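For reference, the structure discussed in these notes is given below.
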Amino acid sequence: MALKAVRGTKDIYGIDSEKFREIVNKAVEIFNNYNYEQIITPIFEETSLFQRGIGEGTDIVDKEMYTFIDKGKRSITLRPEGTASVVRAFLEHKMYGEKKLKRFFYYGPMFRYERPQTGRYREFNQVGVEAIGSYSPVLDAEIIAMGYDFLKKIGINDIEVQINSVGCPVCRKIYRDKLKSFLETKYDNLCEDCKIRYEKNPLRVLDCKVESCKKETAEAPIIIDYLDKDCKEHFEEVKKYLDIFKVPYKINPRLVRGLDYYTNTVFEIVTNKLGAQGTVLAGGRYNNLINEMGSKDVPSVGFAAGIERLMMLVDKEADEIEKGVYLAWIGENVKEYAFFISKILRENGIKVIIDFEEKSMKANMKKASKSKVTHAVIIGEDEKKTKNMILKDLETGEQELYDLENIIIKLK
Ligand code: ATP
Ligand code: MG
């Protein structure tokens, strides 16, 4: 039987790997402009980190984790998201001692045992950010602006920024009770998952993707009406700074996000181009997560974006011509010399395509024109003797003779 990649995983190659790299490179560039530094955390952690950090009662912890016992009898989990690990690292290395806002970005694979479908995999990649150490609503707005900026810069245009506030634990409790009494009247018509959510985490009923649940809860009370004074003010400031940063947004009162640790601002950037998997970037403020994991109260904001979903939205030309040379060598006795030259060119930062097999001039030129580089370098017996080489511009067809030193200058 032929071996295949495991269900829900995939290989990324060809044009897709180029897209992947461009998305990551752009993210790094933009996040750097906002003064974020990279953090690289392990891909697996102790299971309890995610149980505490993400919370029991969430889909991720209850159903989706890849957990196993290692040979040392530890319970290990492949990370399903990035925030818990970044926060663990922050606490473990006592970065709070530095008394300032820490801004991190990360990227890499995440693992969730979900039903695979378009834009939904069991191994997928995220790029994300976490800013730890500030209550300021300017931070919330700045992070949303950064996410928006990033999506624009990779060429994704049909997007909508949705924001909401889920308040603090105090006003959320009041809202939660209100919502529960509303849902009680609809209980029989809710889906099976929502019946459980009603008990465990009623806000998440608003997040349900099932049409009948959406309909039943259309008239549900909204949390913004229940925010206390501080939470309301915080939300107003976030909106004000979004205006200052020129980020268009829409308030979505049903936006609650899947995870429990969020406080105040939550946001998603969505597209209508990917069907049900329309959220490409999502995040919010979490003031209590760190408290939950350590003893410190460290207010933070973060987001994560799914790289595969972004890849589906960015266009890329398959045949972009790149700066570099196709090195054609004519005659078996110039082969060694040609390969020596290829090494010198590459050492000097020039991309070189060169074949191992001997070819006629004609066959070489045919390959050169297909190779998606700007130039061909031709080396035959004469060129070897005179230590020169022919440089051909593959676009104009112009040819000129150069020595090694000058061809390097010319190509750089
Ligand atoms: P969804 O509602 O789509 O399940 P989520 O709330 O679980 O998303 P987050 O945990 O906030 O998503 O992750 C942030 C982003 O990561 C999502 O917006 C999405 O782009 C991407 N993502 C999440 N799960 C998957 C997956 N299984 N496959 C591919 N991308 C994913
Ligand atoms: Mg999910």
Side-chain angles (χ1 to χ4, degrees), residues 55 57-59 135 137 139-141 143-144 147-148 159-191 193-243 247-272 276 278-289 299 301-303:
T58 59
D59 284 355
Y135 285 102
L139 176 62
D140 307 45
I143 277 204
I144 295 171
Y148 184 71
I159 46 176
E160 183 175 82
V161 177
Q162 299 186 354
I163 63 166
N164 193 21
S165 172
V166 293
C168 63
V170 179
C171 46
R172 187 152 64 223
K173 169 138 195 352
I174 298 169
Y175 172 68
R176 193 186 139 110
D177 292 343
K178 267 275 178 290
L179 181 66
K180 259 193 117 158
S181 27
F182 170 86
L183 291 175
E184 210 181 328
T185 64
K186 313 276 181 187
Y187 185 85
D188 292 338
N189 300 328
L190 297 177
C191 74
D193 280 344
C194 279
K195 285 182 174 149
I196 298 167
R197 289 181 187 131
Y198 169 82
E199 301 295 345
K200 279 195 180 172
N201 194 346
L203 266 70
R204 295 231 28 231
V205 174
L206 300 175
D207 197 24
C208 184
K209 311 263 181 331
V210 176
E211 274 312 314
S212 55
C213 290
K214 283 189 191 170
K215 229 172 103 194
E216 288 296 334
T217 57
E219 303 291 307
I222 61 175
I223 190 156
I224 298 174
D225 295 338
Y226 295 86
L227 296 179
D228 61 29
K229 186 168 164 289
D230 285 353
C231 290
K232 198 172 274 165
E233 263 174 32
H234 195 274
F235 195 44
E236 289 308 316
E237 285 291 300
V238 173
K239 292 192 285 183
K240 186 168 99 193
Y241 275 90
L242 284 175
D243 291 337
V247 176
Y249 62 87
K250 204 181 115 184
I251 295 168
N252 175 357
R254 303 171 66 86
L255 189 63
V256 292
R257 306 284 309 124
L259 307 181
D260 284 344
Y261 54 61
Y262 288 111
T263 51
N264 298 102
T265 319
V266 290
F267 58 91
E268 290 191 354
I269 304 185
V270 301
T271 158
N272 53 18
T279 304
V280 289
L281 184 151
R285 171 172 282 282
Y286 50 97
N287 290 344
N288 300 323
L289 169 65
V301 189
F303 71 65

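The model shown is predicted, which means the values in this text are computed figures rather than measured ones.
- Within a 6.0 Å sphere centred on NZ of K215, other residues, nucleotides and ligands contribute 12 heavy atoms or fewer.
- Counting heavy-atom neighbours within 6.0 Å of E199 CD, excluding the residue itself, gives a total above 12.
- A distance-only check finds a donor-acceptor pair linking the side chain of R172 to the backbone of V166 [under 3.5 Å].
- Counting only distance, with no hydrogens or angles, the side chain of S181 and the backbone of D177 share a donor-acceptor pair below 3.5 Å.
- Few gaps surround OH on Y148; more than 12 heavy atoms of other groups in view lie less than 6.0 Å from it.
- Atom NZ of K178 has 12 or fewer neighbouring heavy atoms from other residues, nucleotides or ligands inside a 6.0 Å radius.
- Atom CD1 of I222 is separated from atom CG of L227 by 9.5 Å, given to the nearest 0.5 angstrom.
- Between F267 and G284, the shortest heavy-atom contact is CE2-N, 3.5 Å.
- Rounding to the nearest 0.5 Å gives a distance of 5.5 Å between OH of Y135 and CG of N287.
- In this structure, D188 and K195 approach most closely via the heavy-atom pair O-NZ, 3.6 Å.
- Inter-residue side-chain proximity for I224 and F235 is flagged as met; some heavy-atom pair is nearer than 4.5 Å.
- Within the 4.5 Å cutoff, the side chain of D228 has heavy atoms near those of the C168 side chain.
- Put simply, the side chain of N264 reaches to within 4.5 Å of the side chain of C231, judged on heavy atoms.
- With rounding to the nearest 0.5 Å, the separation of CD in Q162 from CD1 in I251 is 11.0 Å.
- A salt bridge links E233 and K229; the closest N-O separation between the charged side-chain nitrogens and carboxylate oxygens is under 4.0 Å.
- How far CD1 of I174 is from CD1 of I223: 10.0 Å, rounded to the nearest 0.5 Å.
- Each of C171, P202, P169 was compared with R176 under the side chain to side chain contact (heavy atoms under 4.5 Å, CB included) criterion, and only P202 meets it.
- Note on ring orientation: taking the six-membered ring where Trp is involved, the planes of Y226 and Y175 are tilted (angle from 30° to 60°).
- With R254 as the partner, the side chain to side chain donor-acceptor pair (under 3.5 Å) test is satisfied by one option alone out of D207, T217, N164: T217.
- Between R197 and C194, some side-chain heavy-atom pair lies under the 4.5 Å cut-off.
- Salt bridge status for D243 with K239: absent, with no side-chain N to carboxylate O gap under 4.0 Å.
- Here the straight-line distance linking atom CD1 of I159 with atom OG1 of T279 works out to 12.0 Å at 0.5 Å rounding.
- Nearest approach of F182 to E216, heavy atoms of both residues: CZ-O, 3.7 Å.
- Not a single donor-acceptor pair under 3.5 Å links the side chain of T265 to the backbone N or O of D140.
- K209 NZ to D193 CG: the interatomic distance, rounded to the nearest 0.5 Å, is 11.5 Å.
- Closest approach of R204 and V256 over heavy atoms only: CA-CG2, 4.2 Å.
- With a 6.0 Å radius and a threshold of 12 heavy atoms from other residues, nucleotides or ligands, K214 has its NZ atom above the threshold.
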